[in-house]
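What follows is a set of notes on a single structure, which appears directly below.
One-based numbering along the sequence shown.
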Amino acid sequence: MPTERGIGMDKIGTAGTGRRPTGPGRGRNGPPARRDPRGPTGPGALPSAGTRRLRERELLPRYWFADRLLLTLSGQRPVHWMLGHTAGPAYEQLVRLAPRAPLAPPRTTARGTHPAPVVSRCDEYRPRPGVIEAYARILTGDRVRALAFRLEHGRDGRWRCSAVELGPVPGTPATSAPATS
């Protein structure tokens, strides 16, 4: 079979076209490279360190759940949005807490703006394999709230929230436990 200089049929049928064969193992097999210098980060630029940290942070189960719980408890998402990600009692806790939107921004501020609540930091403790007890600091402007939750790794390989607790409302006096003798 003559294949020199594109005269005959090659392996994938580009005879006489002058084209190089493409496909797996035969040269370029993807779309052409972008040559537009107006790309979002410029040509050849890498994402910033802050962007990389945010992407890495979103992959951690504790941050993923903290963000979802924040959106639910601030009234930005409905409770049923967490239905497949919670186990029994935690969903009931969310049903009780969510209507009050305890993590929603305050109704009025000095400038009339409503700062969106954000997860400032989230840490974890692993009491045993397959269990994460996490706690997050929620910032809304200059207000800080605490959010604690427990994650359990299911047999299906998915993490589910099994408990949710909020810290006290700012400005509310702490209740002391009754003295026991």
Residues that Arg121 engages under salt bridge (charged side-chain N to carboxylate O under 4.0 Å, His left out), provided they are two or more places apart: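 Counting only residues at least two positions away or on another chain, Arg121 forms a salt bridge (charged side-chain N to carboxylate O under 4.0 Å, His left out) with Asp123.
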ILVMFWY cluster, Leu70 and Tyr135 together (side-chain gap under 4.5 Å):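 The answer is no; the residues belong to distinct hydrophobic clusters.
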In one Ile/Leu/Val/Met/Phe/Trp/Tyr side-chain cluster, 4.5 Å: Leu73, Leu139: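 No; tracing contacts between hydrophobic side chains, which count when under 4.5 Å, never links both residues.
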More than 12 heavy atoms of other groups within 6.0 Å of Gln76 CD: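 Correct, the count exceeds 12.
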Does [X] reach the side chain of [Y], with side-chain heavy atoms less than 4.5 Å apart?
X	Y	answer
Leu166	Leu103	yes
Arg62	Glu124	yes
Trp81	Leu71	yes
Val144	Ile138	no

Pairwise distance OG1(Thr72) to CZ(Phe65) - rounded to 0.5 angstrom: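 Between Thr72 OG1 and Phe65 CZ, I get 11.0 Å after rounding to 0.5 Å.
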With a cut-off of 3.5 Å and sequence neighbours excluded, list every side-chain donor-acceptor pair involving residues 83-95.
{"from": "Thr86", "atom 1": "OG1", "to": "Met82", "atom 2": "O", "distance (Å)": "3.1"}
{"from": "Gln93", "atom 1": "OE1", "to": "Val164", "atom 2": "N", "distance (Å)": "2.9"}
{"from": "Gln93", "atom 1": "NE2", "to": "Val164", "atom 2": "O", "distance (Å)": "3.2"}

What are the two closest heavy atoms between [X] and [Y], and how far apart are they?
X	Y	result
Ser162	Glu152	OG-OE2, 3.2 Å
Thr140	Pro115	CG2-O, 3.5 Å
Phe149	Cys161	CB-SG, 4.1 Å
Pro168	Arg145	O-NE, 3.4 Å
Trp159	Pro61	NE1-CG, 3.6 Å

Side chain to side chain contact (heavy atoms under 4.5 Å, CB included) against Arg128, all qualifying residues, sequence neighbours excluded: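 Counting only residues at least two positions away or on another chain, Arg128 forms a side chain to side chain contact (heavy atoms under 4.5 Å, CB included) with Val131, Arg150.
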Backbone N/O of Val118 and side chain of Arg137: donor-acceptor pair under 3.5 Å: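 Checked: no pair found.
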